[in-house]
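The block underneath contains the structure these notes are about, expressed in structure tokens.
All values reported here derive from a predicted model rather than from experimental measurement. Letters A, B, ... are given to chains in the order of the sequence lines, protein chains preceding strands, and every chain is numbered from 1.
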Amino acid sequence: MRTQATATPWALTADFYDRPVLVVARDLIGCAVDHAGTSGVIVETEAYHDSEPASHAFIGLTPRTRTLFGGPGHAYVYRSYGIHALLNAVCEPEGVGAAVLIRALEPSSGIETMRRRRGLTRIEDLCSGPGKLTQALGISLEENGSSLASGPVRIGPPPEGWENPSVVSGPRIGISKAVDLRWRFCVAGNRHVSRPWPRPGDEHG
DNA sequence: CATGGGATTGACT
DNA sequence: GTCAATCCCATGC
């Protein structure tokens, strides 16, 4: 099959995700997410791993966590608080329950569609939170288990100007366990990051 | 089969 | 600052 044909010339491939989840969480900052014509640049992530109790995978392999323990480079989408769909990128080898939660985007294209879905106009309100960005991009639970290389949700390398963002780290948001781990990564000073904003001086890497 | 909690958000005091 | 909305699924009876 030499006609592999650059089937997905744009998207990151599975080997990108087949690395330690902390490294992937850091490297996804600045990368682009696309779903059906709406897209944005990742400005905030969090890492989760089956070795720590804040992760859904901590309890082991169940119907709910099946995707988390599957191969790297797939979308793990789950419902939070009965309302919101949250998007994660599955990492590390198959059999390891690790994923990066995509927490915020800076909108790039399809912004009018995002405004209609969100019922809001300010750019900073469209994707500045994990439940907000899935609503803005139209991502639902149906995308759980789908490939982030072939879609419908795809993640690609940083657009021009986003190759080397300044990243700050801090504790993860909205969890009650393993709160000491500083596994949250944000673009320093970016207005599209969810609150609470990281403190200046938390330089990372 | 019943119950409870959760990687959140927006409306309200 | 507080709080309800609302669904999946793990757990326990």
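The C1' atoms of C/dG1 and B/dA7 are separated by 23 Å, rounded to the nearest whole Å.
Distance CZ (A/Phe185) to C1' (B/dA7): 15 Å, rounded to an integer number of Å. A straight line from NE2 of A/His84 to P of C/dC8 spans 14 Å, rounded to a whole angstrom. With rounding to whole Å, A/Phe58 atom CZ is found 13 Å from B/dA7 atom P. To the nearest angstrom, P of B/dG6 lies 16 Å from CD1 of A/Ile173. A/Leu141 has its CG atom 12 Å from the C1' atom of C/dC9, to the nearest Å. For the pair A/Lys177 NZ and B/dA7 P, the computed distance is 8 Å after rounding to whole Å. Separating the NZ atom of A/Lys132 from the C1' atom of B/dA7 is a distance of 15 Å, rounded to the nearest angstrom. Atom CG in A/Asp50 sits about 15 Å away from atom C1' in B/dA7, given to the nearest Å.
Closest to the side chain of A/Leu120, out of C/dT11, B/dA7, B/dG10, is B/dG10. The side chain of A/Leu86 lies closest to B/dT8, out of C/dA10, B/dT9, B/dT8. When distances run from any side-chain atom of A/Arg64 to the nucleotides B/dA7, C/dC9, C/dT11, the shortest one goes to C/dC9. For A/Tyr81, the side-chain atoms get nearest to B/dT8 when compared with the rest of B/dT8, B/dA7, C/dT11. Each of C/dA10, B/dA7, B/dT9 was ranked by its minimum atom distance to the side chain of A/Tyr48; first place goes to B/dA7. Closest contact between the side chain of A/Ile83 and the listed nucleotides C/dT6, B/dG10, B/dT9 involves C/dT6.
Residue A/Leu101 is in base contact, counting any heavy-atom pair closer than 4.0 Å across all strands shown. Across all strands shown, A/Arg172 has no heavy atoms under 4.0 Å from either base or sugar-phosphate atoms. Heavy atoms of A/Arg118 sit under 4.0 angstrom from primed sugar atoms or phosphate atoms, though from no base atom.
With a cut-off of 3.5 Å on both pairing distances, C/dT6 has no Watson-Crick or G-U wobble partner at all.
Between A/Ser176 and A/Gly129, the residue whose closest nucleotide on DNA chain B is further toward the 5' end is A/Ser176.
Side-chain atoms of A/His74 and A/Tyr17 form no donor-acceptor pair, as typed in the model, at a separation below 3.5 Å. For the residue pair A/Ser55 and A/Asp50, no side-chain donor N or O sits within less than 3.5 Å of a side-chain acceptor on the partner. Judged by distance alone, the side chains of A/Ser194 and A/Arg103 do bring a donor and an acceptor atom under 3.5 Å apart.
Stacking of the aromatic ring of A/Tyr78 onto the base of B/dA7 is not found under the criterion of centres within 5.5 Å and planes under 30°.
Geometrically, A/Arg19 engages A/Phe16 in a cation-pi contact, judged by NZ or CZ lying under 6.0 Å from the ring centre and within 45° of the ring axis.
Taking every heavy atom of both residues into account, A/Met114 and A/Ala136 meet most closely at CG-O, 3.6 Å.
Contact annotation: A/Arg79 does not reach the phosphate of B/dA7 (side-chain N/O to OP1 or OP2, under 4.0 Å). For C/dA10, one of the phosphate oxygens OP1 or OP2 lies less than 4.0 angstrom from a side-chain nitrogen or oxygen of A/Thr62. For the OP1/OP2 pair of B/dG6 and a distance below 4.0 Å, the side-chain nitrogens and oxygens of A/His56 include no atom meeting the criterion.
Using a cutoff of 4.0 Å between basic side-chain nitrogens and carboxylate oxygens, A/Arg184 and A/Glu44 are scored as salt-bridged.
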